[in-house]
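So that the names make sense, note that chain A is the first sequence line, chain B the second, and so on, each numbered from 1. The analysis underlying the following values was restricted to heavy atoms, covering all of them including side chains, and did not include hydrogens, waters or symmetry mates.
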Amino acid sequence: MFRYHKTESGYKIFSKNLFCGLIYDNDHVIMSSNQPDYFCHYFDLRRDYGSIKQALSGYPNLTQALEFGKGIRILNQDPAETVFSFIVSANNNIPRIRQIIQKLCDKFGEDMGAYRAFPTASRLARASLSQLYEAGTGYRAEYILQAAGAIRDGFLQDLSKMDTQTARKHLMSLKGIGGKVADCILLFGYHREDVFPTDVWIARVYEKYYAHCGQCTREQMALELCKLFGNLSGYAQQYLFYHIRQTQKYNKYI
DNA sequence: CACCAGGTCTCTC
DNA sequence: GAGAGACATGGT
């Protein structure tokens, strides 16, 4: 999600220790990878998004977002990479998130020849606080270190067996992981569809289109939106997020 | 030089 | 449990 580079004709994308190139050619995309099966799953290519969009079209205030984000797919990312990435994302902007993650790869990732892998949890667990500060993580350095140790010791081992709410609480027991980050990890790392990551942008959407209570917290918004969208929550969130994020200012970053 | 960024933590009451 | 402030860092 945060490890991609635009090229003349497409994108270079990195996940874990793997690489994938995308070339846009008229109406189709050519994928080349050292691990095509992995990236078919990564891009969620086997899923029928047409029926998801059809189901979502019955909901209020989504028509425009569905059209705007017609090519959206929910990525299946590596769970550990997702944990570290979204710890970094908190109270941060996208260019800097990408920069920090790049530096973490440069400093701690395995050398794959043409690029560096995302660092493993056990490698990050052996990093020093000052090394993590050097990567620009700031006050999140200790969160990363703690999460790295926990994951190395099996923290994520049983997560896929837990129901969503149990898994969410489990993730939130780590410092640096609150409700929003936990929901992102569940959505992008475990493809849990019954979460609604609620950040500043979704909060704005909520207040504009879906507000039921006058003054409610992000947690309450997420709960209400989940109740409304059920197992389509994760998808609805992505369409709404992408739409507002691209059409409201700050789109200079992309 | 303030203010902000895909929030969370830590204190209070 | 709800409500303020702090929080590294880099960009505007």
Side-chain angles (χ1 to χ4, degrees), chain A residues 1-4 65 68-69 72-75 77 79 81-107 124 127-148 150 168-192 195-208 210 213-226 233-254:
Chain A
M1 163 153 298
F2 297 112
R3 285 205 295 153
Y4 61 89
F68 190 82
I72 281 179
R73 314 194 73 83
I74 295 191
L75 302 179
Q77 302 182 97
E81 179 169 341
T82 311
V83 169
F84 295 121
S85 299
F86 280 93
I87 286 177
V88 170
S89 80
N91 191 29
N92 215 340
N93 56 57
I94 291 169
R96 225 171 76 77
I97 296 165
R98 295 181 57 191
Q99 181 194 6
I100 291 168
I101 289 172
Q102 181 64 52
K103 283 189 182 171
L104 289 174
C105 294
D106 289 343
K107 290 172 85 73
L124 285 174
S128 68
L129 270 180
S130 57
Q131 285 179 310
L132 291 171
Y133 270 93
E134 284 169 24
T137 56
Y139 65 89
R140 306 168 193 83
E142 55 183 292
Y143 302 156
I144 291 170
L145 203 53
Q146 182 213 11
R168 190 175 196 264
K169 292 226 172 70
H170 185 61
L171 288 167
M172 288 175 69
S173 70
L174 292 178
K175 270 195 199 173
I177 301 185
K180 189 269 175 183
V181 168
D183 286 340
C184 284
I185 295 166
L186 289 167
L187 181 57
F188 303 121
Y190 293 89
H191 210 97
R192 296 295 173 102
V195 294
F196 211 110
T198 302
D199 62 2
V200 278
W201 297 97
I202 291 297
R204 285 167 198 162
V205 172
Y206 177 86
E207 278 159 12
K208 189 165 178 192
Y210 298 98
C213 50
Q215 280 295 78
C216 54
T217 64
R218 302 250 180 107
E219 277 295 296
Q220 291 171 308
M221 295 180 195
L223 201 64
E224 256 196 67
L225 289 163
C226 271
S233 292
Y235 301 102
Q237 192 272 0
Q238 281 300 280
Y239 290 111
L240 289 169
F241 173 78
Y242 182 67
H243 183 51
I244 187 169
R245 185 68 183 71
Q246 296 296 318
T247 51
Q248 311 289 316
K249 55 190 168 184
Y250 290 128
N251 53 4
K252 55 191 170 218
Y253 287 148
I254 310 296

- Calculate the interatomic distance between A:Ile101 atom CD1 and C:dT9 atom P; express it in whole Å. 17 Å
- Kindly state whether the pair A:Trp201 / B:dG6 counts as stacked, where counting means centroids closer than 5.5 Å and planes tilted less than 30° apart. no
- Task: Round to the nearest Å and state the distance from A:Glu142 atom CD to C:dT9 atom P.
- Result: 13 Å
- Item | A:Gln99 CD - C:dA8 C1' separation (whole Å) | 13 Å
- When the distance from CZ of A:Arg98 to P of B:dA5 is rounded to whole Å, what number comes out? 19 Å
- Remember a base hit wins even if backbone is also touched, and classify A:Gln237 as base, sugar-phosphate or nothing at under 4.0 Å, heavy atoms. base
- Whole-Å P distance, B:dT8 and C:dG11: 24 Å
- Item | Under the ring-ring contact (aromatic ring centres under 6.0 Å, His included) test, residues paired with A:Tyr143 that sit two or more places apart | none
- Message: Expressed as a whole number of angstroms, how long is the span from A:Tyr4:OH to B:dG6:P?
- Response: 11 Å
- To the nearest 0.5 angstrom, please state how far the CD1 atom of A:Ile101 sits from the OG1 atom of A:Thr137. 11.5 Å
- Between atom OH of A:Tyr210 and atom CG of A:Leu225, what is the distance when rounded to the nearest 0.5 Å? 7.5 Å
- Which atoms form the tightest heavy-atom contact between A:Val88 and A:Arg140, and what is the distance? O-NE, 3.4 Å
- How does protein contact run along nucleotides 2-7 of chain C, one letter per nucleotide 5' to 3', with B for base contact, S for sugar-phosphate only, - for none, heavy atoms under 4.0 Å? -----B
- Please name all residues satisfying side chain to side chain donor-acceptor pair (under 3.5 Å) with A:Gln238, sequence neighbours left out, ordered by chain then number. none
Got a list of side-chain donor-acceptor pairs under 3.5 Å for residues 182-191 of chain A, not counting sequence neighbours?
residue, atom, partner, partner atom, Å
A:Asp183, OD1, A:Arg168, NE, 2.7
A:Asp183, OD2, A:Arg168, NH2, 3.1
A:His191, ND1, A:Asn76, OD1, 2.9
A:His191, NE2, A:Arg47, NE, 3.4
A:His191, NE2, A:Arg47, NH2, 3.2
A:His191, NE2, A:Tyr235, OH, 3.0

- Message: For the C1' atoms, the ones on B:dC9 and on C:dG10, what distance do you get once it is rounded to whole angstrom?
- Response: 22 Å
- Task: Tell me whether the guanidinium CZ or amine NZ of A:Arg218 lies under 6.0 angstrom from the six-membered ring centre of A:Tyr206 and within 45° of its axis.
- Result: no
- Note on the structure: Note: for A:Arg204 and A:Ala182 on DNA chain B, the residue whose nearest nucleotide lies more 5' is A:Arg204
- Message: Just verifying a value: how many Å separate A:Ile244 CD1 and A:Lys208 NZ, rounded to the nearest 0.5 Å?
- Response: 7.0 Å
- Is there side-chain contact between A:Arg96 and A:Gln99, with at least one heavy-atom pair below 4.5 Å? yes
- Task: Please tell me if the side chains of A:Ile97 and A:Ser85 come closer than 4.5 Å, counting only heavy atoms from C-beta onward.
- Result: no
- Message: Assess whether a salt bridge exists between A:Arg3 and A:Glu81, defined as any Lys/Arg side-chain N lying under 4.0 Å from an Asp/Glu carboxylate O.
- Response: yes
- When the P atoms of B:dG6 and C:dA6 are considered, how many whole Å apart are they? 22 Å
Measure all distances between protein nitrogen or oxygen atoms and nitrogen or oxygen atoms of nucleotides 9-13 of chain B, and list the pairs falling under 3.5 Å.
residue, atom, partner, partner atom, Å
B:dC9, OP1, A:Gly176, N, 2.8
B:dT10, OP1, A:Lys175, NZ, 3.1

- With the side chain defined as heavy atoms from C-beta on, A:Ile94 is closest, among C:dG10, B:dG7, B:dG6, to B:dG6
- Of all of residues 128-138 of chain A, which get a heavy atom below 4.0 angstrom from DNA chain B, listed by number? none
- Message: For B:dT8 and A:Arg140 - does any side-chain N or O of the residue sit under 4.0 Å from the phosphate oxygens OP1/OP2?
- Response: no
- Query: What are the two closest non-hydrogen atoms of A:Lys180 and A:Asp199, and how far apart are they?
  - Reply: CE-CB, 3.7 Å
- Query: What integer distance in Å separates A:Phe241:CZ from B:dG7:C1'?
  - Reply: 13 Å
- Message: Without decimals, in angstroms, what is the distance between A:Asp199 CG and B:dG7 P?
- Response: 5 Å
- Query: Once you round it to whole Å, what is the distance between C1' of B:dG7 and CE of A:Met221?
  - Reply: 13 Å
